[in-house]
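For the numbers below, each heavy atom of this structure counts, side chains included, while hydrogens, waters and symmetry mates do not. One is the number of the first residue; the rest follow in order along the sequence.
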Amino acid sequence: MTATNFGLEDVLNQALQGWQPSFKKHGISPSNRVFGAVGLGGAGDSTMIGIVRSRPGGRGPSIEFEGNPMYRMFGTSIGDRAATAIGNETRTLAALERLSLEILARALYAVGKVRPADRLLVVPARDGRPPVLILMSPDMQDAQQSRIISDELDLPFPVMEKAMRDLTRPDQGTQEAVAFFELQNTGPLGVAELFLISQPEIILTRRPRMIPLCAASPHLTVEAAGQLSTAGVFCHDDEGEFGVTACYHGTGDKGTSVRIGTHIGEVKHANPVQDIVFIPLDADYPMPPLTGRGGVRNDREPAKADYVHFDGATNQNRTTRIFGTDNGLLRARPTVQLKVQTDPDTDCGDSGCALIDDQDRVIGFAFERTDYNDYPQFTDWIWAANALRSLNLTVI
């Protein structure tokens, strides 16, 4: 393979190099393409499409040709309702775009376009680009051949409406939960309006091989059976016992003997799906300086290119950037592993360390990264809110 350090940003650049918004690409054509990846080749309800193509009361030109998604949002019923309920137009648009990607992902699974061996990543809209769903397939051989496949799929609105009804409700208190409630109350027209606002695209690229991030040099290390990884956050379990998190793949099941610095203990709680364990510590354990004092982030997903930092056993005090997330991130799903993606700035030994945002909140725990000779390159972090919830842990 000729690529050198070809990352997820390169995938977007490759696939979107000739991309234009639908209103520019199709002018005033009646094409259903103004809904992004949805409604192609038989949306099945021309009346509904006609309704959402005009502003309520005939105010001005058809909103499908407005280049700014904020204009499109305020030209629709679902956009107005969600913005009023959330109270912040920027966060409303982000929540609606996120919902469109979640529904799109659900629909792709439902029609068999995503198989168990495939993987979907969510990338928020940024810098004039649309929100994107990246489909990573092991059948694709070269990441440099990444491309938009939206026009190759047929996802009519009835499929999208059913996908919306089948979605797991987001965590209460999030902007996405508020937008989801308004969408459910708006009905089929709201689903069509949602995709008119968002106009998401689907990109196909290759699925790289992933490797665990444990086995290296000490920092605040966790040692078990000869493997070294990094401690995560100090917390209490539901019995009030004090301890620390670590990664499951660097330790093991309940009862596994571990060493944290000079402390000898054992795993008390473990969840292999969320790759997290809880290890009790002595009440007089000497506490190091702490970060992540802002709590655990669970109100909204990280934005693409947000700067975050971590302190691993191999890479200390390192800054990296958010790239994307798994779909379904803001939903309480203890049986599903949810992850955040960053640039590939981790190495072996960093597993289990906490990813911290600019408000000193814990976002995730280092899980795995792409193989050093594989492409595209990125690091996966287990979404902390979902992982901690699975063991009923509360950060201090």
Side-chain angles (χ1 to χ4, degrees), residues 8 95 98-124 131-138 162-177 179-180 202 207-208 210 212-213 232-233 238 245-251 253-254 269-278 296-302 322-342 351-352 354-355 362-370 378-393:
L8 288 171
R98 177 81 191 194
L99 270 177
S100 74
L101 294 175
E102 301 289 353
I103 293 171
L104 190 56
R106 182 82 181 191
L108 289 173
Y109 279 110
V111 300
K113 298 300 183 181
V114 178
R115 305 161 304 166
D118 298 329
R119 184 174 173 193
L120 289 173
L121 302 184
V122 170
V123 182
V132 169
L133 201 60
I134 297 182
L135 171 57
M136 307 183 77
S137 170
K162 183 178 186 304
M164 183 271 289
R165 293 196 304 267
D166 291 342
L167 273 186
T168 305
R169 182 178 294 276
D171 280 358
Q172 294 301 313
T174 65
Q175 282 93 21
E176 189 179 331
F180 187 58
I202 303 170
R207 178 169 182 166
M210 308 297 293
L213 288 172
V233 295
D238 56 0
T245 65
C247 62
Y248 178 90
H249 73 261
T251 53
D253 288 320
K254 179 179 178 180
H269 307 296
N271 187 315
V273 173
Q274 303 300 337
D275 193 49
I276 188 172
V277 300
F278 173 74
V296 180
R297 180 166 177 163
N298 61 5
D299 58 336
R300 56 193 173 93
E301 70 278 3
I322 295 291
F323 182 85
T325 69
D326 285 2
N327 62 294
L329 191 71
L330 297 181
R331 290 164 170 78
R333 306 174 76 183
T335 62
V336 177
Q337 192 179 80
L338 299 174
K339 298 177 288 295
V340 174
Q341 291 78 44
T342 69
S351 267
L355 188 67
V362 180
I363 294 180
F365 301 114
F367 177 49
E368 60 185 12
R369 60 156 290 155
T370 45
F378 60 93
T379 293
D380 270 331
W381 302 76
I382 298 289
W383 182 240
N386 205 42
L388 292 165
R389 186 190 296 116
S390 72
L391 294 184
N392 295 315
L393 302 178

Grab the two heavy atoms, one from [X] and one from [Y], that are nearest each other, plus how far apart they are.
| X | Y | value |
| --- | --- | --- |
| W383 | R300 | CH2-O, 4.2 Å |
| V277 | A270 | CG1-CB, 3.8 Å |
| P138 | A117 | CD-O, 3.5 Å |
| M136 | P208 | CE-CD, 3.2 Å |
| G232 | A354 | O-CB, 4.3 Å |

For [X], side chain to side chain donor-acceptor pair (under 3.5 Å) partners two or more places apart:
| X | answer |
| --- | --- |
| K254 | none |
| R207 | none |
| W381 | T342 |

Any side-chain heavy atom of [X] within less than 4.5 Å of one from [Y]?
| X | Y | result |
| --- | --- | --- |
| L120 | I134 | no |
| E368 | F378 | no |
| I363 | V340 | yes |
| V132 | I202 | no |
| I103 | L167 | yes |
| T245 | L388 | yes |
| H249 | F367 | yes |
| I276 | Y248 | no |

- Message: Between F323 and T379, does the side chain to side chain contact (heavy atoms under 4.5 Å, CB included) criterion hold? Intermediate values first, please.
- Response: CA-CA 9 Å; F323 182 85; T379 293; over 6 Å; no

- Residues L133, L121; criterion side chain to side chain contact (heavy atoms under 4.5 Å, CB included); working and verdict: CA-CA 6 Å; L133 201 60; L121 302 184; over 6 Å; no

- Query: Under the side-chain hydrogen bond (donor to acceptor under 3.5 Å, both in side chains) criterion, do Q341 and D326 qualify, and how do the steps go?
  - Reply: CA-CA 8 Å; Q341 291 78 44; D326 285 2; 3.1 Å; yes

Under the 3.5 angstrom rule, does the side chain of [X] hit a backbone N or O of [Y] as a donor-acceptor pair?
| X | Y | value |
| --- | --- | --- |
| S351 | C247 | no |
| N386 | V336 | yes |
| E102 | G328 | yes |

- Task: In sequence, state the C-alpha distance, the side-chain angles, and the governing distance for D275 and K339, and then conclude on salt bridge (charged side-chain N to carboxylate O under 4.0 Å, His left out).
- Result: CA-CA 11 Å; D275 193 49; K339 298 177 288 295; over 6 Å; no

- Item | Audit row: F180, L99, side chain to side chain contact (heavy atoms under 4.5 Å, CB included) steps and yes/no | CA-CA 7 Å; F180 187 58; L99 270 177; 3.8 Å; yes

How long is the gap from [atom1] on [X] to [atom2] on [Y], to the nearest 0.5 Å?
| X | Y | atom1 | atom2 | answer |
| --- | --- | --- | --- | --- |
| S137 | R115 | OG | CZ | 4.5 Å |
| Q274 | L391 | CD | CG | 8.5 Å |
| D166 | M164 | CG | CE | 9.5 Å |

- Message: Using side chain to side chain contact (heavy atoms under 4.5 Å, CB included), reason through R369 and D380 one step at a time and then give a plain yes or no.
- Response: CA-CA 6 Å; R369 60 156 290 155; D380 270 331; over 6 Å; no

- Just one of T325, T174, N327 clears the side-chain hydrogen bond (donor to acceptor under 3.5 Å, both in side chains) bar with R98, so which one? T325

- Task: Evaluate the criterion salt bridge (charged side-chain N to carboxylate O under 4.0 Å, His left out) for residue pair K113 and D118; output intermediate values, then yes/no.
- Result: CA-CA 9 Å; K113 298 300 183 181; D118 298 329; over 6 Å; no

